[in-house]
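See below for the structure under consideration.
Chain naming here is simple, since letters A, B, ... match the order of the sequence lines and numbering starts at 1 in each.
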Number of protein chains: 2
Amino acid sequence: MQTGPSRRARMRAALEREARDEARRLTAAHGVEGLSLSAVARAVGVSPPALYRYFDGKKGLVLAVYEDLTDEFVSTVSAAARREDPEDLGAQLYAATRAVLDWSLGHPAEFDLLMGAGYARLATESAVDQVLARELGGLFGDLFTRLWQRGGLDHPADDEIDPALRDQLLTYRRLIGQEFPVGVVLLMVTCWRQIYGLLCMSVHHHLAAAFGDCVPLFEHMIDDLLALLGVERSPAQRTGAAVER
Amino acid sequence: MQTGPSRRARMRAALEREARDEARRLTAAHGVEGLSLSAVARAVGVSPPALYRYFDGKKGLVLAVYEDLTDEFVSTVSAAARREDPEDLGAQLYAATRAVLDWSLGHPAEFDLLMGAGYARLATESAVDQVLARELGGLFGDLFTRLWQRGGLDHPADDEIDPALRDQLLTYRRLIGQEFPVGVVLLMVTCWRQIYGLLCMSVHHHLAAAFGDCVPLFEHMIDDLLALLGVERSPAQRTGAAVER
DNA sequence: TCGCATGGTTAATGGTATTAACGAAGTGAT
DNA sequence: ATCACTTCGTTAATACCATTAACCATGCGA
């Protein structure tokens with residue numbers, strides 16, 4: 001008979017899992033600032049100080065939620081891309097971008113922690129590694145790599161780019177582990193600033209008085225971006241509805 | 001001798017002003033969530049419950065800060081635009097956009113409350129009117145109006161725009177009180193999603209590992225946008241340094 | 001079986017928001 | 001000038017919250 005992890009280790013793992021899940025639930029329900037150590041303790045049937053054996057106080061708890069969210073977000077987005085035809089890069093770009101939007105709209109409090117103001121706060125008090133930037137950048141980076149390899153991607157030449165910017169782009173390219181020219185990195189960042197802008201607008205209900213449903217804006221943006229990348233958008237994608245979860 | 005406002009009224013106004021300023025200071029120093037009623041009370045030399053005579057609890061205090069910030073932000077940006085040559089629309093667009101960036105980078109906590117996650121939270125618990133959207137939209141809208149009147153602005157025709165989107169754009173146009181065609185509204189929103197995206201990235205230190213100084217990205221974006229609008233960028237602007245305050 | 005690391009407890013400290021009950025003092029009318 | 005009323009402050013109490021300290025039971029390895 002395998003001994004496996006000890007009773008203690010199993011108990012510990014189970015309680016930690018439970019606490020993380022409850023913390024996530026509270027975050028979703030009441031925002032990052034509505035997350036309280038005490039409430040989590042209450043929910044998992046333990047006294048507040050007990051959680052200090054599991055997390056480094058409240059900031060540790062928030063960090064744990066952040067980690068879980070990172071995993072969930074990255075796998076959601078990459079799953080959405082993998083669901084498409086491997087040859088249809090346009091469809092994959094659409095699906096990935098759309099998944100980012102859908103997840104964020106469906107989980108605004110979590111979005112805040114993952115990619116909004118919550119992240120900035122978190123990053124100052126806990127040493128959080130750039131896993132999201134790497135993973136998400138890598139995911140989109142792979143798509144851009146294939147676009148570039150396929151040819152026909154119209155990107156600026158190295159010497160057309162301001163040297164200061166070029167250095168930064170090179171750093172970023174290294175971060176996401178890609179090999180394409182800086183001009184392609186620039187193209188990627190150009191896309192991302194638009195996606196991220198619309199994302200923040202949507203999630204924060206900016207201009208909500210006019211743009212309650214932000215899908216029309218999103219569709220228009222995707223058209224712009226795919227055109228910029230010289231990718232044909234197959235008609236089938238235009239009917240794509242939001243993918244929940 | 002004029003009686004003017006009574007002693008009571010003067011005292012009240014003075015204390016409220018003091019409290020608002022202190023609240024603003026605390027927000028800047030410790031973020032929106034670091035703003036506490038008690039701390040403000042302590043700073044203005046009064047007991048915490050006293051502030052309930054002035055503000056509707058904490059959410060009222062936050063709302064007051066929001067109002068003050070709105071004024072400051074709008075006047076900062078419009079002042080920056082007015083400082084430029086009235087005939088040089090490109091310079092005005094640059095200056096206004098740059099002022100938005102500079103103010104936001106210099107006041108990250110305030111930015112969060114004004115245009116980030118803090119706003120979303122605030123808007124749910126307090127009835128906040130859309131003054132910022134109107135004012136800022138109006139400011140940029142005026143520039144776009146003049147661009148359009150001058151001619152040469154390449155915008156999509158009405159019937160090239162998806163009907164659902166067109167309706168939203170019309171609503172937005174009414175909100176900002178402009179008269180130009182929907183295609184121009186769309187152009188404006190296209191610019192704004194880029195500005196706002198870069199803004200959020202910069203303020204939240206997204207991708208900070210590569211883009212610590214975000215001005216190169218900003219300069220590249222402005223080039224893109226001015227090209228999109230068919231505006232020549234005068235060489236003088238390229239040397240423009242950040243304007244503090 | 002013993003000793004210790006682990007993981008829980010309660011108690012205490014100090015911070016927060018908010019409401020209630022109360023009192024001093026400014027204000028305006030008689 | 002005095003009176004009543006409103007305004008604006010107070011203190012006290014309640015109920016959260018995070019965090020640390022002191023303590024105790026128990027699982028686990030030697």
Side-chain angles (χ1 to χ4, degrees), chain A residues 1-20 22-23 25-27 29-66 109 118 121-122 124-126, chain B residues 1-20 22-23 25-27 29-66 109 118 121-122 124-126:
Chain A
M1 168 181 173
Q2 297 268 34
T3 54
S6 69
R7 165 184 177 72
R8 264 220 179 128
R10 271 183 293 117
M11 285 303 173
R12 182 180 180 85
L15 184 55
E16 176 170 350
R17 190 62 268 150
E18 226 180 312
R20 290 175 98 110
E22 182 60 25
R25 264 204 46 240
L26 286 174
T27 301
H30 309 107
V32 190
E33 295 307 320
L35 171 59
S36 94
L37 205 64
S38 306
V40 172
R42 206 174 317 135
V44 301
V46 98
S47 71
L51 292 183
Y52 281 75
R53 305 282 185 188
Y54 292 80
F55 308 98
D56 183 15
K58 179 166 180 173
K59 75 178 197 297
L61 189 61
V62 174
L63 184 60
V65 173
Y66 173 80
R121 219 170 325 147
L122 179 68
T124 61
E125 52 193 20
S126 310
Chain B
M1 166 184 174
Q2 297 268 33
T3 54
S6 69
R7 165 182 177 76
R8 263 220 179 125
R10 272 183 294 116
M11 285 303 177
R12 182 180 180 85
L15 184 55
E16 176 169 350
R17 188 64 270 148
E18 226 180 312
R20 290 176 97 110
E22 181 60 26
R25 265 204 45 242
L26 286 174
T27 301
H30 309 108
V32 190
E33 294 308 319
L35 170 59
S36 94
L37 204 65
S38 307
V40 172
R42 208 173 319 142
V44 301
V46 97
S47 71
L51 293 184
Y52 281 76
R53 305 280 185 189
Y54 293 79
F55 308 99
D56 184 14
K58 179 166 181 171
K59 75 178 199 297
L61 188 62
V62 174
L63 183 60
V65 174
Y66 173 81
R121 219 170 324 145
L122 179 68
T124 61
E125 51 193 21
S126 310

| said: Quick check: do Val62(A) and Thr27(A) have side-chain heavy atoms less than 4.5 Å from each other? | reply: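 The answer is no; the side chains never approach within 4.5 Å.
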
Heavy-atom nearest nucleotide on DNA chain C taken for Arg42(B) and for Arg7(B); more 5' hit belongs to Arg42(B)

In whole angstroms, how far is the [atom2] atom of [N] from the [atom1] atom of [X]?
X: Glu33(A); N: dC17(D); atom1: CD; atom2: C1'; result: 12 Å
X: Leu51(A); N: dC17(D); atom1: CG; atom2: P; result: 12 Å
X: Leu15(A); N: dG27(D); atom1: CG; atom2: C1'; result: 16 Å
X: Lys58(A); N: dA18(D); atom1: NZ; atom2: C1'; result: 8 Å
X: Leu37(A); N: dT19(D); atom1: CG; atom2: C1'; result: 9 Å

Exercise: identify the closest heavy-atom pair between [X] and [Y]:
X: Ala109(A); Y: Gly31(A); result: CB-CA, 3.8 Å
X: Arg12(A); Y: Arg53(A); result: NH2-O, 2.6 Å
X: Ala19(A); Y: Val40(A); result: O-CG1, 3.8 Å

Using a heavy-atom cut-off of under 4.0 Å over every strand shown, decide if [X] touches base, sugar-phosphate, or nothing.
X: Ser47(B); result: base
X: Leu61(B); result: nothing
X: Tyr52(B); result: base

[atom1]-[atom2] distance between [X] and [Y], expressed to the nearest 0.5 angstrom:
X: Ser6(B); Y: Met11(B); atom1: OG; atom2: CE; value: 10.5 Å
X: Leu26(B); Y: Leu37(B); atom1: CG; atom2: CG; value: 11.0 Å
X: Glu16(B); Y: Leu51(B); atom1: CD; atom2: CG; value: 10.5 Å
X: Leu63(A); Y: Glu125(A); atom1: CG; atom2: CD; value: 9.5 Å

Of Glu22(A), Glu18(A), Arg17(A), the one forming a side chain to side chain contact (heavy atoms under 4.5 Å, CB included) with Arg20(A) is Arg17(A)

Under 3.5 Å between N/O atoms: give me all the protein pairs with nucleotides 21-24 of chain D, atom names plus distance.
none

N or O in side chain of Ser38(A) less than 4.0 angstrom from dA18(D) OP1/OP2 = yes

Original post:
If you walk 5' to 3' along DNA chain C, what is the first nucleotide with an atom under 4.0 Å of a heavy atom in chain A, and what is the last?
Top reply: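 From 5' to 3', the first and last contacting nucleotides are dA5(C) to dA11(C).
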
